[in-house]
2 protein chains.
Amino acid sequence: MSDDGPIAACPIGPVVDLVFSRWTTPILLTLHRDGRLRFVELHRRIGGVTAKVLTERLRRLERDGLVTRSYFAEVPPRAEYEITELGRSLGPVFATLAAWQAEHLGEVESARRGFDG
Amino acid sequence: MSDDGPIAACPIGPVVDLVFSRWTTPILLTLHRDGRLRFVELHRRIGGVTAKVLTERLRRLERDGLVTRSYFAEVPPRAEYEITELGRSLGPVFATLAAWQAEHLGEVESARRGFDG
DNA sequence: TCCATTAGGTACCTAGGGGAAACTGGCTGT
DNA sequence: ACAGCCAGTTTCCCCTAGGTACCTAATGGA
């Protein structure tokens with residue numbers, strides 16, 4: 001009956017969880033654009049996220065191998081984050097997304113206006 | 001100081017909200033793969049989602065112009081959902097994602113094992 | 001006669017993902 | 001003497017996305 005379950009319905013589930021959880025996209029994009037950054041600087045550039053959540057996300061990205069963390073027990077402490085090769089390999093994904101948005105977001109907006117009005 | 005705010009940090013925010021909200025990916029994928037489907041059938045093929053939530057998602061996708069809904073006030077009622085051209089244009093996005101996953105998910109998993117152990 | 005069917009709508013409830021704020025630590029500048 | 005600075009951690013708290021359960025309509029079949 002061609003029903004291979006939810007896995008077949010969403011074969012890209014894992015990568016979606018990985019890359020498109022809240023805040024992970026701006027983190028990855030900023031690190032990709034601006035290179036190695038320390039915590040406060042990354043925090044400032046993203047904006048809106050709290051330190052607690054940013055820490056959590058970064059830990060998770062580190063665990064997933066998308067980001068590296070270098071900690072220096074100086075005073076004041078220093079932590080630097082950098083995107084890995086693996087993280088960098090997401091470039092085409094983001095590029096495809098950006099391209100789609102540039103080309104089609106207008107259609108979405110006008111569809112919404114049509115639906116609402 | 002090259003700080004254009006959160007917008008610069010996440011220029012693809014709109015499309016991410018649009019396409020990667022919970023359940024929208026399997027909905028779009030299933031409709032893309034299997035063509036026009038009525039509500040129950042779509043519900044069955046996705047699995048795990050409740051009727052209430054599925055309805056909400058479909059309404060939203062309809063509003064965004066990614067899906068069309070054809071309702072027939074018969075008894076029992078019939079509603080058929082179909083992906084639009086606009087929805088279909090997301091194909092390359094999903095393909096890029098699937099390709100990345102196929103090539104790199106293994107690295108992610110081994111990074112996790114390394115981190116945990 | 002009575003139930004299943006379809007496409008939802010509605011009311012209620014819960015878990016947990018985040019947000020806000022306060023705290024740690026030692027050095028450095030005023 | 002005292003207030004920052006950095007990189008978090010911890011505690012508390014709230015909101016809401018999503019789940020459960022129950023309701024409708026007219027018909028066809030057992």
Side-chain angles (χ1 to χ4, degrees), chain A residues 1 3 6 9-10 13 16-28 30-31 34-64 67-83 115, chain B residues 1 3 5-6 9-10 13 16-28 30-31 34 36-64 67-83 115:
Chain A
M1 258 221 270
D3 182 7
C10 198
V16 170
D17 286 351
L18 199 65
V19 183
F20 301 109
S21 298
R22 202 155 143 86
W23 296 118
T24 59
T25 315
I27 292 172
L28 253 15
T30 301
L31 251 22
D34 301 353
R36 172 179 273 240
L37 287 177
R38 50 192 305 183
F39 186 82
V40 270
E41 196 48 40
L42 183 57
H43 191 187
R44 262 194 284 269
R45 298 195 191 197
I46 290 175
V49 65
T50 62
K52 179 191 137 191
V53 172
L54 182 55
T55 305
E56 285 171 1
R57 295 299 134 188
L58 285 168
R59 285 288 181 291
R60 187 170 156 184
L61 289 170
E62 190 194 359
R63 185 173 107 96
D64 291 338
V67 155
T68 56
R69 172 177 183 265
S70 320
Y71 183 76
F72 307 90
E74 307 166 351
V75 169
R78 185 159 53 102
E80 292 179 352
Y81 294 92
E82 198 170 10
I83 198 164
F115 188 91
Chain B
M1 255 228 274
D3 182 7
C10 198
V16 170
D17 286 351
L18 200 66
V19 182
F20 300 108
S21 298
R22 202 154 140 84
W23 296 117
T24 59
T25 314
I27 292 171
L28 253 13
T30 302
L31 251 21
D34 301 352
R36 172 178 275 239
L37 288 176
R38 51 192 304 184
F39 187 82
V40 270
E41 197 47 40
L42 183 57
H43 191 186
R44 263 193 285 269
R45 297 194 191 198
I46 290 175
V49 66
T50 63
K52 180 192 138 192
V53 172
L54 181 55
T55 306
E56 285 170 1
R57 295 297 133 190
L58 285 167
R59 285 287 181 290
R60 187 170 157 186
L61 289 170
E62 191 195 358
R63 185 173 107 96
D64 290 339
V67 154
T68 56
R69 171 176 183 264
S70 319
Y71 183 76
F72 306 91
E74 308 165 353
V75 168
R78 184 159 54 101
E80 292 178 354
Y81 293 91
E82 198 170 11
I83 197 164
F115 188 91

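FYI, side chains are in, hydrogens and waters are out, and symmetry mates aren't considered; it's all heavy atoms of this structure. Residue numbering restarts at 1 for every chain, and letters A, B, ... go by the order of the sequence lines.
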Handout entry: Value in whole Å for how far the P atom of D:dA17 lies from CG of B:L54
Key = 17 Å

Practice task
Answer whether the closest heavy-atom distance between the side chains of B:L58 and B:L42 falls below 4.5 Å.
Solution key: yes

Exercise for the section: Check whether any side-chain heavy atom of B:E62 lies under 4.5 Å from a side-chain heavy atom of A:F115, and answer yes or no. Expected result: yes

Fill in the blank from the handout: Closest non-hydrogen atoms of A:L54 and A:V49, given as atom of the first, atom of the second and distance, are N-CG2, 3.8 Å

Practice task
If the plane angle is over 60° it's perpendicular, under 30° parallel, otherwise tilted; pick one for B:F20 and A:F20.
Solution key: parallel

Problem - Spacing of NE2 belonging to A:H43 relative to CG belonging to A:L37, to within rounding of 0.5 Å - result: 13.0 Å

Exercise for the section: For B:T30 and B:P26, work out which heavy atoms get closest and say how close. Expected result: OG1-O, 2.7 Å

Completion exercise
Given the options A:R69, A:R36, A:R38, A:E80 meets salt bridge (Lys or Arg N to Asp or Glu O under 4.0 Å) only with A:R36

Exercise for the section: Take A:R45 and A:E41 through the test salt bridge (charged side-chain N to carboxylate O under 4.0 Å, His left out) and record every step on the way to the result. Expected result: CA-CA 6 Å; A:R45 298 195 191 197; A:E41 196 48 40; 2.9 Å; yes

Exercise for the section: Specify the closest pair of heavy atoms between A:P77 and A:Y71, including all atoms of both residues, with the distance to one decimal. Expected result: CB-OH, 3.5 Å

Completion exercise
Outer limits of DNA chain C sitting under 4.0 Å from a non-hydrogen atom of chain B, read 5' to 3', are C:dT5 to C:dA11

Handout entry: Inter-end axis angle, the helix from C:dA7-D:dT24 to C:dT24-D:dA7, with every axis fitted to five base pairs (rounded, 10 degrees)
Key = 40°

Practice task
At under 4.0 Å between heavy atoms, which parts of nucleotides 2-14 of chain D does protein reach? Answer with one letter per nucleotide, 5' to 3': B base, S sugar-phosphate only, - none.
Solution key: ---BBSSBBB---

Handout entry: Nearest heavy atoms of A:R57 and A:W23, plus distance in Å
Key = CG-CB, 4.0 Å

